[in-house]
Asks: 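Handing you a structure now.
Numbering of ligands and ligand atoms starts at 1, following listing order. In this chain, residues are counted from 1 in sequence order.
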Amino acid sequence: MCGIVGAVAQRDVSAILIEGLRRLEYRGYDSAGIALIDRNKLERFRALGKVQALADKISPEQAGSTGIAHTRWATHGAPSEVNAHPHFSRDRIALVHNGIIENYKEIREKLFADGYEFESETDTETVAHLIESYFEGDLYSAVHKAVGQLEGTFGLAVIVLDDPDTLVACRKGSPLVVGLGIQENFVASDVSALLPVTNRFIYLEEGDLVVINQKDYQIYGANGEPKELEVNITEMSADSISKGSYRHYMQKEIHEQANAVAECLEGRISENGVLDSVFGPDSDRIFKQVKQIQIVACGTSYHAGFVAKYWIEEILGLPCQIEVASEFRYRKSVVPQDTLFVTLSQSGETADTLAALRNLPLEDYCGSVSICNVPESSLVRESSLVLMTRAGPEIGVASTKAFTTQLVSMLLLIVSIGKARGLDESVIADIVHELRELPGQISELLKLDQQIEAVAEDFVDKHHALFLGRGVHYPIAMEGALKLKEISYIHAEAYPAGELKHGPLALVDTEMPVVVVTPNDDLLEKLHSNMQEVKARGGKLYVFAHQGAKLAETEDDVVIQMNCETRWTTPILSTIPLQLLSYYVAVQRGTDVDQPRNLAKSVTVE
Ligand code: G6P
């Protein structure tokens, strides 16, 4: 999953492309590159590391009115300048690629035999040479012929020195949008890259090719027939993607959660219930039928689904399965009658989640729902019932506000299904009441900021940490551990507290911080016993205690009191201090909080 951007204009496009790459850096940031055509010259600049390293290499005089650019997350070939895109063929074709070409080896062998020289280890360079091998003056025809031979996934943008005012782009399995300006046109992996230059976008469909020049564009379907697609005006603004006064995007996004949750609820709940329109007109019919729910997601979104499983079984009394998309998509699963399929994804572009949805034998399910944060994403465009989380752009690689709004959205889904199936109205009213209180409670919890910053110091020199939870707080412990490992690089594991004695207890000593969230629920006493097991082995406890969850703590324990007492929204609230803990540990360890090593925000490869 890489980011690509391309432009054809009258003016110099180098600054537009570099800004586009900065905005796409969440998709990968191990190297970056740009190719520009200026009159009769095709020039390329590439740099290892982030987009800034590339920007530093380009002199202010460097200009070009046609160009393509790329920020990489390495798949084939290590991060290096020579593997960085754009890739050239015979110094006239330049190409950037997001995705994976699965049959590149056989194509490469053939091209090698035909005399093409390869300088990189990438699958992408093969495509550049393949297009060159078909090029007879018309770039569109050459790209069309070449992509017909490719297996795998790709978003491609190609330029050729012989036709300096034309750019050809295409997509299969990887996202690509066309941005329409005035006397200038663009392509990019997503709209955020182009917000400074346009708000008019066309979302290409699977297999589409587009030819753009300064004044015009033409889209072709996979069959080569010209086609027209709707032009959309996005409401996103270029400014919505800035850090403001915060030090990191992640910090800003943690602090935005009260608003994000309020946005997510806006216009969707009434005094005691959820409005009928939330999931669209067809939802009531589908929800009445549901007898079982299958949730599929990845990463943090998977944890949101896991929390929802507990809620669904307790509130709705319906069986619920949750599985990571990369497993689900390749497994033969048994689908009981009237199963509802639910996907959760911040980006709506995660390859495994999308594939799980695309490969679904829809006739075996009574319907499908996607919970997503990006309105323009593939997942949203390809799902029948959709609920937008409305968290706003999330830039930090480690997901925060997307997660809490996913949990809120799942409660909205549960209440909507419950309403259709005759769930006790008082339960619905209780949940809705708690949802209403949530933004205020989140704001209160964020006041723990400085206290948690101080506690984080204890973790800075640690190599491992254990997170424990019971019941619905087990997936919250998983999310807490994921957050810590993602951004601080401390090895962190989550365990259901009752499993401690079956293995992880062997790891507990004075060097192992053990983080526990203690809700005031039926499992409190059990959890308390597990905590004693830790203390008896010299382990140090860091307890995030909900109101009423009084513990006989000792001086050695660090207890952070959370002044909230809820029943249904408890896991959402418990997430906030765990996010702050990870954030401050990472800051104090000096890691790259927003762009942790080896990771990317949107994983569009499997
Ligand atoms: C990546 C991100 C995670 C995210 C996961 C799933 O690993 O770094 O933060 O949870 O992808 O992404 P999705 O967009 O489908 O929620």
Asks: Using distance alone, determine whether Q346 and ligand 1 share an N or O pair under 3.5 Å.
Replies: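 Min N/O separation from ligand 1 is below 3.5 Å for Q346.
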
Asks: With a 4.0 Å cut-off on heavy atoms, does L599 reach ligand 1?
Replies: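 It does not, in that no heavy atom of L599 comes within the 4.0 Å cut-off of ligand 1.
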
Asks: In terms of atom number and element, which parts of ligand 1 are under 4.0 angstrom from non-hydrogen atoms of S301?
Replies: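 In order of number, 10 (O), 13 (P), 16 (O).
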
Asks: Between E394 and K601, is there a salt bridge with N-O shorter than 4.0 Å?
Replies: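 Salt bridge between K601 and E394, a charged N being under 4.0 Å from a carboxylate O: yes.
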
Asks: Taking only heavy atoms of S345 into account, list the atoms of ligand 1 that are under 4.0 Å away from them.
Replies: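 Selected atoms, number and element: 13 (P), 14 (O), 15 (O), 16 (O).
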
Asks: Counting only nitrogen or oxygen atoms and a 3.5 angstrom limit, does L344 reach ligand 1?
Replies: no

Asks: Show which atoms of ligand 1 fall inside a sub-4.0 Å distance from at least one heavy-atom site of K601.
Replies: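 The list of qualifying atoms is 1 (C), 2 (C), 11 (O).
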
Asks: How far is atom 7 (O) of ligand 1 from its nearest protein heavy atom, and which residue and atom is that?
Replies: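 Minimum-distance protein heavy atom for atom 7 (O) of ligand 1 reads V603 CG2, 3.8 Å.
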
Asks: Within the 4.0 Å heavy-atom shell around S399, which atoms of ligand 1 are there?
Replies: 9 (O)

Asks: Flag the pair K483 and E486 as a salt bridge only when some basic side-chain nitrogen lies within less than 4.0 angstrom of an acidic carboxylate oxygen.
Replies: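 Salt bridge between K483 and E486, a charged N being under 4.0 Å from a carboxylate O: yes.
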
Asks: Can you find an N or O of A600 that's nearer than 3.5 Å to an N or O of ligand 1?
Replies: yes

Asks: Could you tell me which non-hydrogen atom of L21 sits nearest to which non-hydrogen atom of H70, and how far apart they are?
Replies: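 Between these two residues, the closest heavy atoms are CD2-N, 3.4 Å.
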
Asks: Counting non-hydrogen protein atoms only, what is the nearest one to atom 6 (C) of ligand 1? Give residue, atom name and distance.
Replies: C298 O, 3.4 Å

Asks: Looking only at distances, please establish whether an N/O atom of ligand 1 is found under 3.5 Å from an N/O atom of S347.
Replies: yes

Asks: Name the closest protein heavy atom to atom 4 (C) of ligand 1, giving the residue it belongs to and the distance to 0.1 Å.
Replies: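 In this structure, atom 4 (C) of ligand 1 has T300 N, 4.2 Å as its nearest protein heavy atom.
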
